Chemist: 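What follows is a single structure, and I will ask about it in a moment.
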Amino acid sequence: MTFPPTPALFGQRDVRIADLTTRRNDTLLNAYAWMRLARDSDNRILELFRQGLIRGTVTGGQGNEPLAVAAALVADKNTDVVSFSHRGLGGHIVWSGHLGDHLCQYLANSGSPTRAREGNIHHGDPSHRSLPMISHLGAMLSTVVGATDSQRRLGKPAIGFAFFGDGASSTGDTHESLNLAALLSVPVLFIIENNGYAYSTPVAEQFNAPSLWERARGYGLDGRALDCSDPTEVLRVLAEAAERVRNTGRAYVIEARTFRLRGHAAYDTCDYLAPGELDAIQAADPLPKFRASLVAAGLETRVEALESETRAFLESTLSAALPLPPASPVGMADDLYAPSTQINWAPTPAQPEKLTMAQALNRGLRKLLAEQSATLVMGQDIATYGGAFKVTEGLLHDFGRPRVLNTPLCESSMVGYAIGLANNGHRPVVEFQFADFVTEAATQVLLNAATYHFRSGQPCPLVFRLPCGGGLTFGSFHSQELESALLAFPGLKALYPSTPQDAFNALLAAYEDSNPVLLFEHKALYRRGKHPVAFDADFRSIWQAAHLLQGDYATVVSYGEMVHHAAAACAYFRDEYDTTFDLFDLRALAPLRLDAIAASLRRTGRLIVIHEGRRTHGFGAELVARLTEKEFTAFKSAPLRIASLDLPVPFAPELESAFRPNQESIIEAIANWMG
Ligand SMILES: Cc1ncc(C[n+]2csc(CCOP(=O)(O)OP(=O)(O)O)c2C)c(N)n1
Ligand SMILES: [Mg+2]
């Protein structure tokens with residue numbers, strides 16, 4: 001895309017404290033120019049929205065420019081990390097040094113940096129550590145913690161800038177992230193944009209405390225308030241705070257008393273404000289005051305010149321952006337996943353060793369840590385204790401704390417932290433203590449990580465290890481099968497091994513993939529006997545179903561622990577009735593590759609799907625639907641789905657065994673179906 005070059009008047013993108021004395025006038029004029037550009041752009045965007053040229057909505061940053069622009073100016077754009085809020089257009093412009101892309105983001109045309117997959121201000125520049133926000137407020141803070149930590153791990157003196165509003169300050173993610181940054185000593189400047197309102201809700205209805213910054217103390221951090229009515233003071237305070245955070249390596253909290261000069265978004269009429277309140281807010285606009293101070297310092301001519309040049313730059317950039325072709329849906333589906341990557345693994349262990357699945361996973365994790373410096377292993381109790389199922393036993397001892405780390409109970413920010421690390425080239429392997437707790441991180445896993453590549457073009461290589469499944473009397477909240485719920489969201493890959501060798505292979509395959517991969521590990525399989533495990537050059541075949549048994553009567557598809565029950569049931573029918581089944585272990589739940597299974601179905605004409613997840617909206621529904629759509633004419637009878645009951649997982653063994661399929665109930669269901 002060719003846009004007019006950024007005029008020389010915006011020449012300074014980096015402000016250090018000394019600049020406020022040694023080259024004060026130039027520095028302040030330059031800062032004013034960026035703020036003016038941000039204001040004019042936001043106003044123009046609003047006009048375009050009203051003309052119907054911008055769709056959706058727009059949340060302007062009018063009033064917040066001093067804060068967003070100043071933070072971007074004091075940041076080291078070559079190394080620091082940021083996530084601007086929906087009031088931060090000025091920050092985005094400074095971070096990039098140009099305007100055109102940002103206008104295209106709003107216009108959602110072919111020049112959009114998110115390829116128009118996202119609108120409004122939901123963009124960033126992830127390859128330059130500006131992390132694109134998602135709507136879910138609070139979710140971005142932990143990603144900044146992760147990417148900043150990633151930079152520090154790579155030896156760079158980076159700090160993070162994490163913006164969030166007074167409204168977002170009430171989210172659980174905010175608390176988790178502040179705690180995590182304090183605990184792990186990650187140098188992030190948390191900047192609360194307190195503009196007095198969350199949408200229509202005043203701060204008096206949001207929290208019962210005189211200030212937000214004082215919360216920092218509860219996390220073992222320092223902080224301060226910052227009045228944003230004087231942009232010069234904002235620059236000074238932020239420059240000092242950035243230096244402090246960089247030097248101390250400790251996070252710091254600034255509660256910026258900032259301004260929202262308009263309603264929440266374009267359509268907000270502000271009816272909820274008291275009479276005269278909007279006028280008072282607008283009278284407090286910091287930009288005219290800043291301008292007046294520059295004029296008072298004798299800079300009027302330069303101010304006027306830069307204002308007209310800023311307007312001309314905005315209009316010429318808009319003239320280049322407006323005629324660009326609209327966004328195209330071509331290639332959209334191909335961009336859901338980042339292109340697959342392959343690692344050249346050492347062919348070790350070469351000699352098969354008899355291992356349980358838990359031990360095989362442990363071997364796999366050791367291999368990842370030993371061969372790939374990008375590997376981090378994290379989760380609850382995974383360090384000294386070795387994990388609830390001892391899968392990570394000994395890793396801390398052998399690889400040390402920076403790479404093998406316990407996290408507090410903060411699944412959501414733990415995943416956000418991992419996303420930030422992944423954005424910056426690390427490859428975290430995240431253990432959930434039980435798969436059930438992934439619901440705590442639903443936003444981060446399903447909406448942030450899973451959509452990352454689609455909306456930003458940046459890979460998000462993560463492995464989520466999910467000890468799942470029942471049969472162990474662990475009750476409703478430690479026994480679930482969540483694959484169909486999680487995979488209802490696009491952007492995740494998923495593997496579900498049923499043997500120690502497959503688990504080892506799946507870990508390598510999941511790790512080298514550049515997308516978030518769910519690795520389901522059935523808890524009842526962790527110690528279901530020892531089997532030979534070695535490096536398998538063909539480990540990537542885990543992305544395909546395994547054909548376990550040959551047969552004629554029907555095609556049976558299963559995965560996880562149910563594969564073993566299904567195999568036992570097939571053996572029973574072979575031995576007792578001379579009836580044979582073609583049995584497949586699906587192994588890869590996403591992306592689904594059903595070619596071999598479809599070929600079998602064309603031969604057998606009958607389909608049985610067996611899984612432990614609940615029946616309604618279960619994974620079997622998708623399998624049956626796809627195979628029926630594809631092979632409708634092959635069917636000799638209605639397909640059979642064998643699944644758990646549509647109930648919470650009950651506790652007592654007698655109840656649980658009635659709840660989930662087992663060898664006997666599978667045999668009974670198949671026998672009835674055969675009639
Ligand atoms: C977790 C979450 N809940 C609800 C919303 C809907 N929503 C969008 S903006 C907003 C208010 C945000 O207030 P604040 O954090 O103070 O930011 P401001 O808009 O004032 O800059 C709400 C409720 C959301 N985006 N995220
Ligand atoms: Mg607010």
Side-chain angles (χ1 to χ4, degrees), residues 38-39 42 45-46 56-69 71 82-92 118-123 131-144 161-178 190-207 209 211-213 215 225-228 253-270 272-273 277-278 281-282 284-286 411-413 415-416 439-448 451 455:
R39 172 69 59 89
D42 262 329
I45 285 165
L46 185 60
T57 189
V58 289
T59 51
Q62 291 96 335
N64 197 43
E65 300 90 348
L67 187 62
V69 166
V82 70
S83 181
F84 293 110
S85 79
H86 52 292
R87 310 279 176 212
L89 176 60
H92 281 289
E118 267 294 329
N120 202 337
I121 196 165
H122 288 185
H123 68 304
L131 308 180
M133 73 175 283
I134 63 168
S135 289
H136 289 51
L137 296 173
M140 296 314 299
L141 275 59
S142 51
T143 65
V144 174
F161 294 79
F163 286 90
F164 58 111
D166 48 280
S169 76
S170 292
T171 63
D173 257 80
T174 300
H175 297 284
E176 288 188 6
S177 302
L178 283 160
F190 289 97
I191 303 176
I192 310 173
E193 297 174 335
N194 183 354
N195 55 20
Y197 282 89
Y199 208 141
S200 71
T201 306
V203 287
E205 292 177 39
Q206 296 185 54
F207 46 86
S211 76
L212 288 171
W213 70 268
R215 291 182 185 177
L226 168 62
D227 177 353
C228 291
V253 179
I254 291 183
E255 179 185 352
R257 309 267 161 80
T258 186
F259 303 91
R260 192 192 78 180
L261 301 179
R262 304 186 32 74
H264 171 69
Y267 45 75
D268 181 0
T269 48
C270 288
Y272 47 87
L273 295 181
E277 196 179 343
L278 188 58
I281 292 172
Q282 286 175 346
D285 185 350
E411 283 81 359
S412 186
S413 65
V415 175
T439 54
E440 293 287 300
T443 297
Q444 295 288 8
V445 174
L446 305 176
L447 300 178
N448 206 356
T451 65
R455 63 194 158 84

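Atom set for the values below is all heavy atoms of this structure, side chains included, hydrogens, waters and symmetry mates excluded. All values reported here derive from a predicted model rather than from experimental measurement. Order of appearance sets the numbers: ligands from 1, and atoms from 1 within every ligand.
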Chemist: If we only count heavy atoms from C-beta on, is the Phe164 to Thr171 side-chain gap below 4.5 Å?
Modeler: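 Answer no - side chains too far apart.
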Chemist: I need the atoms of ligand 1 closer than 4.0 Å to a non-hydrogen atom of Gly167, numbered in the order shown.
Modeler: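 So the atoms of ligand 1 that pass are 13 (O), 14 (P), 15 (O), 16 (O).
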Chemist: I want to check something: taking the side chain as every heavy atom from C-beta on, are Ile281 and Leu261 in contact at a cut-off of under 4.5 Å?
Modeler: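 Yes, side chains in contact.
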Chemist: Is Arg260 paired with Asp166 through a side-chain N to carboxylate O contact shorter than 4.0 Å?
Modeler: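 No salt bridge links Asp166 with Arg260.
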Chemist: By number and element, which atoms of ligand 1 are closer than 4.0 Å to a non-hydrogen atom of Ser135?
Modeler: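 Those of ligand 1 that fall under 4.0 Å from Ser135 are 24 (C), 25 (N), 26 (N).
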Chemist: As an exercise, state the distance from CD of Glu65 to CZ of Phe259, rounded to the nearest 0.5 Å.
Modeler: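 Going from the CD atom of Glu65 to the CZ atom of Phe259 covers 11.0 Å.
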Chemist: Can you name the atoms of ligand 1, numbered from 1 with element, that are less than 4.0 Å from a heavy atom of Asn195?
Modeler: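 In order of number, 18 (P), 20 (O), 21 (O).
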Chemist: Measure the shortest side-chain to side-chain distance between Leu89 and Phe84 over non-hydrogen atoms and say whether it is less than 4.5 angstrom.
Modeler: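 No - every pair of side-chain heavy atoms lies 4.5 Å or more apart.
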Chemist: For ligand 1, which atoms have a heavy atom of Asp166 less than 4.0 angstrom away?
Modeler: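 Going through ligand 1 atom by atom, the ones under 4.0 Å from Asp166 are 15 (O), 16 (O).
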Chemist: How close does the nearest protein non-hydrogen atom get to atom 18 (P) of ligand 1, and which residue and atom is it?
Modeler: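 I find the closest protein heavy atom is His86 NE2, 3.4 Å.
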Chemist: Specify whether an N/O/S atom of Asn194 falls short of 2.8 Å from the Mg ion (ligand 2).
Modeler: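 For Asn194, the answer is no, given that no N, O or S atom comes within less than 2.8 Å of the Mg ion (ligand 2).
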Chemist: How far apart are the closest heavy atoms of His123 and Asn120, and which atoms are they?
Modeler: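 Heavy-atom minimum between the residues: ND1-O, 4.3 Å.
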Chemist: For atom 11 (C) of ligand 1, grab the closest protein heavy atom and report residue, atom and distance to one decimal in Å.
Modeler: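 Looking only at protein heavy atoms, the one closest to atom 11 (C) of ligand 1 is Tyr199 N, 3.5 Å.
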Chemist: Measuring only between side-chain heavy atoms, which start at C-beta, is Arg262 closer than 4.5 Å to Leu46?
Modeler: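 A side-chain contact under 4.5 Å exists here.
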Chemist: For the 3.5 Å polar cut-off, considering only N or O atoms, please tell me whether Thr171 and ligand 1 meet it.
Modeler: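 Checking ligand 1 against Thr171, no N or O pair falls under 3.5 Å apart.
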Chemist: Measure the OG-CD distance between Ser413 and Glu440 for me, rounded to the nearest 0.5 Å.
Modeler: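 Separation between the atoms: 11.0 Å.
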Chemist: Is any heavy atom of the protein nearer than 4.0 Å to atom 15 (O) of ligand 1?
Modeler: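 Looking at atom 15 (O) of ligand 1, one finds that a protein heavy atom does lie closer than 4.0 Å.
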Chemist: For His264, which part has a heavy atom under 4.0 Å from ligand 1: side chain, backbone, both, or neither?
Modeler: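 Only the side chain of His264 comes within reach of ligand 1.
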Chemist: State, with a plain yes or no, whether a side-chain heavy atom of His136 is found less than 4.5 Å away from one of Asn448.
Modeler: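 Side-chain contact under 4.5 Å: no.
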Chemist: Where does Tyr197 meet ligand 1, judged by heavy-atom distances below 4.0 Å: at the side chain, the backbone, both, or neither?
Modeler: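 Only the backbone of Tyr197 comes within reach of ligand 1.
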Chemist: Using non-hydrogen atoms of the residue, decide whether Gln206 is closer than 4.0 angstrom to ligand 1.
Modeler: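 Judged by the 4.0 Å heavy-atom criterion, Gln206 does not count as contacting ligand 1.
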Chemist: Can you confirm whether Met133 sits close enough to Ile121 that some side-chain heavy atom of one is under 4.5 Å from a side-chain heavy atom of the other?
Modeler: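 Touching, per the 4.5 Å side-chain cut-off.
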Chemist: Using distance alone, decide if ligand 1 has a nitrogen or oxygen within less than 3.5 Å of any nitrogen or oxygen in Arg260.
Modeler: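 Arg260 vs ligand 1: no N/O contact under 3.5 Å.
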Chemist: Provide the number and element of each atom of ligand 1 under 4.0 Å from a heavy atom of Ala168.
Modeler: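 Counting atoms of ligand 1 from 1, those under 4.0 Å from Ala168 are 15 (O).
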Chemist: Of the choices Thr258, Leu137, Thr59, Asp268, which has the non-hydrogen atom that lies closest to atom 12 (C) of ligand 1?
Modeler: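 When every heavy atom of Thr258, Leu137, Thr59, Asp268 is considered, Leu137 comes closest to atom 12 (C) of ligand 1.
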Chemist: Apply salt bridge (charged side-chain N to carboxylate O under 4.0 Å, His left out) to Glu118 and Arg455, showing your working.
Modeler: CA-CA 6 Å; Glu118 267 294 329; Arg455 63 194 158 84; 5.5 Å; no
Chemist: Is Arg87 close to ligand 1, meaning an N/O of one under 3.5 Å from an N/O of the other?
Modeler: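 By distance alone, the answer is yes.
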Chemist: Any heavy atom of Gly138 sitting closer than 4.0 Å to ligand 1?
Modeler: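 No, Gly138 has no heavy atoms under 4.0 Å from ligand 1.
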Chemist: Please indicate, with yes or no, if any protein heavy atom is found under 4.0 Å from atom 24 (C) of ligand 1?
Modeler: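 Yes, there is one.
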Chemist: Check whether any N, O or S atom of Tyr199 sits under 2.8 Å from the Mg ion (ligand 2).
Modeler: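 Within the cut-off used here (under 2.8 Å), Tyr199 places no N, O or S atom near the Mg ion (ligand 2).
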Chemist: By atom name, which N, O or S atom of Asp166 is the nearest to the Mg ion (ligand 2)?
Modeler: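 Relative to the Mg ion (ligand 2), the closest nitrogen, oxygen or sulfur of Asp166 carries the name OD1.
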Chemist: Check whether Phe190 forms a cation-pi arrangement with Arg215 (NZ or CZ under 6.0 Å from the six-membered ring centre, at most 45° off the ring normal).
Modeler: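 Judged by the rule, Arg215 and Phe190 form no cation-pi pair.
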